[in-house]
Amino acid sequence: MAPLDLASLNPEQRSAVVHRGGPLLVLAGAGSGKTRVIVHRIASLVEEGIPPWSILAVTFTNKAAGELRERVGRLLGGTGPSATPDRSAASDVRCSTFHSFGASLLRREAEAVGLTRDFTIYDEDDQLSLAKRLLREAGREADSAAARELLSAIDRIKNGAGDGAEVEDVLELCGRFERALRAANAVDFGDLLALPVRLFESRPDVLDRWRRRFRHVLVDEFQDTNVVQYRLLRLLCPTGADLCVVGDDDQSIYRWRGADVRHILGFEHDFANAQVVKLTQNYRSDGNVLAAAQAVIAKNPHRHDKTLWTERPSGAPLRLLSAQDERDEADRIAAELAELHSEGTVWSEMAVFYRINAQSRVLEEALRIARVPYVIVRGRSFYERAEIKDAVAYLRLMANPRSDVDLLRAIGAPPRGIGETTLERLSRHASAAGLCLFDALAEGELSRVEGLNAGSRGRLARFRDLVVELRAAAAESAGAAAEAAVVTSGLLERWASSSEPDAAERGENLRELVGAAREADERWASQPREAGEDLPEGGPLVRFLEEIALLGDADGEAGAERVSLMTLHAAKGLEFDAVFIAGMEEGIFPHSRALAFDPSREEAGGRGTESEEMAEERRLCYVGFTRARRRLFVACARMRALFGDLRFNPPSRFLGEIPAELFDALPSFESSPVRPYPGAPSANGITVDYSYDQSWRSPERSFPRRPPRPSPAPARPIGAMGLTVRHAVFGVGKVVSADGEGPDAKLTIRFPGVGEKRIVARFVTPI
DNA sequence: TGAGCGTCAATTAGC
DNA sequence: TTGACGCTCA
């Protein structure tokens with residue numbers, strides 16, 4: 001390995017890279033070369049002779065883990081102290097997400113937590129259906145609201161955010177949920193972290209083994225850690241001696257899903273002798289962009305004190321697009337995108353951010369009309385499609401037949417005449433006998449199920465034989481397993497023989513799944529690794545399933561020659577030459593939730609102390625702004641149709657916080673939609689009404705977007721004798737007689753070639 | 001079993 | 001306005 005070139009780092013970065021022997025907190029401002037520091041630090045550890053396999057780097061997303069792995073690989077160049085021809089030092093460094101680290105730990109220690117190595121990872125949908133089933137069995141209301149409520153309680157408890165005040169029967173249900181998961185040899189995402197913590201706390205011998213294994217731990221995006229993740233880190237690094245955490249409190253935007261900024265704010269308190277390094281030089285954005293971001297974030301209380309600076313020029317001024325309504329806003333964004341493109345900016349270097357997904361529709365429409373190619377960047381989608389989930393249910397059943405959730409899904413897709421009643425009888429027998437559903441399908445058991453008729457028993461037996469047959473195919477390869485799951489199960493045939501509009505696409509998706517499985521086989525064949533080192537154990541199918549469960553979706557990613565559309569949350573970690581932020585209005589961004597309990601409202605005209613929600617919105621704004629390298633466009637609309645009604649939102653307070661001189665031109669307020677509102681004057685004349693609150697909106701102030709339709713002409717009485725009508729199944733026929741009137745009237749209709757049918761009037765249309 | 005309809009709710013989202 | 005979901009009926 002060529003000696004590490006530390007001269008390419010700035011002094012702050014260098015000190016973060018070379019610091020040794022104590023806890024290290026790197027406060028890395030946006031665009032300050034954070035990943036660079038992590039990568040160089042890893043490389044420098046390896047250079048010192050630290051075994052690469054004893055280094056663990058944890059991130060939150062697969063994308064970040066992949067990028068880290070790739071960059072470490074590039075820097076270490078496939079050589080190093082422990083390198084042999086087929087094993088590079090870089091691939092020995094463990095770069096993984098919190099969850100995949102937890103998953104691989106659990107596969108290794110499965111028996112100790114009551115699992116086998118083939119355990120299944122349940123996603124939200126699986127959890128939801130399990131929760132519903134348990135609620136039903138407990139004789140409780142089992143709608144999805146109740147199930148969601150239960151799940152969020154479970155999640156709070158698992159993530160250590162429970163306040164200890166959970167009601168007795170909720171705890172009871174949580175217990176049932178856990179037992180059901182274990183009985184199914186399954187874990188949920190929360191367990192991937194909670195079980196390792198529990199294991200470490202109860203088994204010092206196991207903990208000791210893992211501590212010896214990973215001597216050097218690095219954590220990226222530390223401001224996003226939740227309580228359990230933090231506990232896991234503290235268990236693994238009790239003194240923090242070789243713990244290096246990197247993050248930016250100003251970019252903490254996931255409080256709502258359990259992240260706790262206090263971990264980064266209190267790091268120096270929790271770890272004695274912690275060294276703090278601040279990376280404040282920004283390499284990404286032009287001066288004006290950075291100044292705008294800085295102006296907004298500076299208004300937040302309780303920050304690690306740091307001010308970013310740049311050597312880059314001021315660059316182009318910001319531009320405010322103040323529009324009449326959301327259509328106008330979208331059109332103007334589209335026009336600016338087109339103009340930038342004509343000036344030479346490639347599509348993929350531009351992005352439009354919005355606060356809520358519902359905003360994307362109008363933007364999409366405008367971009368389509370303006371012929372601006374775009375892609376919506378979202379987390380996963382392929383593996384959330386119903387047909388794919390059906391196929392995956394088969395795959396998981398093949399790997400782990402104890403998974404009742406998967407059996408229940410697979411047994412109904414494609415429909416095979418096994419209904420609710422039959423399954424109810426089967427479940428009852430299974431739970432009475434203490435069996436999983438699959439075992440209840442065994443020959444000897446089926447005959448003991450109460451109330452089962454011969455037909456149902458036969459259908460159940462056939463399904464059991466199918467699963468047995470599929471399991472035989474599972475051992476071979478992921479590709480063979482997927483093909484069996486898709487073909488032998490009848491899933492593909494179901495869509496092939498369907499005339500539904502999206503049937504062809506669904507069939508294609510199933511084929512794509514098989515392709516993905518084959519690809520995975522090839523990938524593993526071409527990259528032999530240390531046994532189970534970075535990949536889950538348990539054969540190709542289990543490995544493929546874990547990849548599906550833990551990996552996001554590759555398609556829908558930014559990068560192609562298209563403009564990226566995404567929520568502000570999805571924008572974190574990305575950068576573009578030009579960034580547009582739509583909907584910069586009070587009630588949209590900042591979101592109305594953050595407005596609702598803002599105590600500042602009580603102070604006449606003043607901003608006062610803002611809520612923690614508002615602080616998070618402001619951080620989100622900071623994240624959005626700092627994604628831009630050169631151009632930043634902020635847009636707002638005077639009125640906006642959203643969720644079916646119309647609102648008049650004042651401009652966002654964040655707009656009011658940007659110094660006027662950073663804009664190219666501010667609209668003149670007399671003629672502009674951005675009119676001064678009564679309220680605090682701002683730095684730039686965009687006056688924001690801080691007392692604005694959408695809950696004030698009375699029904700009178702919201703009105704339908706479209707004028708009401710003219711009332712329909714009085715319909716001919718449908719029961720009129722001799723009337724010709726059309727029925728969806730029987731076709732066209734003539735009404736012979738009518739019993740009653742209105743849509744509920746029972747009509748006797750003669751259909752040529754079919755005969756007379758008695759049909760409720762509502763099911764036919766007069767022609 | 002599954003199509004169709006009425007009701008209800010509505011940030012943000014990763015593994 | 002969109003979409004998810006539960007209920008009803010052929």
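So you know, we letter chains A, B, ... as the sequences are listed, proteins then strands, and number each from 1.
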For C:dC5 versus B:dT12, give the span between their P atoms, rounded off to a whole number of Å.
-> 16 Å
Choose from C:dT1, B:dT12, B:dC15 the nucleotide whose nearest atom is closest to any side-chain atom of A:L550.
-> B:dC15
A:I418 near the nucleic acid: base, sugar-phosphate alone, or nothing, with a heavy-atom cut-off under 4.0 Å?
-> sugar-phosphate
Applying salt bridge (charged side-chain N to carboxylate O under 4.0 Å, His left out) to A:R619 and not counting sequence neighbours gives A:E612, A:E616
Rounded to the nearest Å, what distance is computed from the CD atom of residue A:E420 to the P atom of nucleotide B:dG2?
-> 13 Å
So does A:E384 pair up with A:K389, basic N to acidic O under 4.0 Å?
-> no
Does the side-chain ring of A:H569 sit on the six-membered ring of the B:dT12 base, less than 5.5 Å centre to centre and under 30° in tilt?
-> no
With sugar-phosphate meaning primed atoms plus P, OP1 and OP2, does A:F60 contact a base, only sugar-phosphate, or nothing at under 4.0 Å between heavy atoms?
-> sugar-phosphate
Remember a base hit wins even if backbone is also touched, and classify A:D224 as base, sugar-phosphate or nothing at under 4.0 Å, heavy atoms.
-> nothing
Using a heavy-atom cut-off of under 4.0 Å over every strand shown, decide if A:E124 touches base, sugar-phosphate, or nothing.
-> base
Of all the choices, C:dT2, B:dT1, B:dC15, which nucleotide is nearest to the side chain of A:N62 once you look at every atom?
-> B:dC15
A:R593 side chain, from C-beta outward: closest of B:dG14, B:dT11, B:dC15 = B:dT11
Can you tell which of B:dA13, B:dC15, B:dT11 lies closest to the side chain of A:T61?
-> B:dC15
Could you check whether A:K572 gets within reach of a base, just the sugar-phosphate, or nothing at all, counting any heavy atom under 4.0 Å?
-> nothing
Evaluate the side-chain proximity of A:F60 to A:D220: yes if any heavy-atom separation is below 4.5 Å, no if none is.
-> no
Taking the nucleotide of DNA chain B with the closest heavy atom to each, which residue, A:R494 or A:T567, is nearer the 5' end?
-> A:R494
With P as the reference atom in both, quote the distance from B:dA13 to C:dA4 in angstrom, rounded to an integer.
-> 15 Å
Name all residues meeting the ring-ring contact (aromatic ring centres under 6.0 Å, His included) criterion together with A:Y254; count only those two or more places apart in sequence or in a different chain, and write none if there are none.
-> A:W256, A:H569
Measure from the side chain of A:Y254, starting at C-beta and using heavy atoms only, and say which of B:dT1, B:dA13, B:dC15 lies closest.
-> B:dA13
Atom pair distance, as rounded to whole Å: CD1 in A:I253 and C1' in B:dA13 | 10 Å
For A:F589 and B:dT11, what is the distance between atoms CZ and C1' respectively, to the nearest whole Å?
-> 12 Å
Touch class at under 4.0 angstrom, heavy-atom based, for A:E617 against every strand present = base
Identified side chain to side chain contact (heavy atoms under 4.5 Å, CB included) counterpart of A:M566 within the set A:N357, A:V352, A:L574, A:V375 = A:L574
May I ask you to verify whether the side chain of A:R355 and the base of B:dT11 hold a donor-acceptor pair under 3.5 Å?
-> no
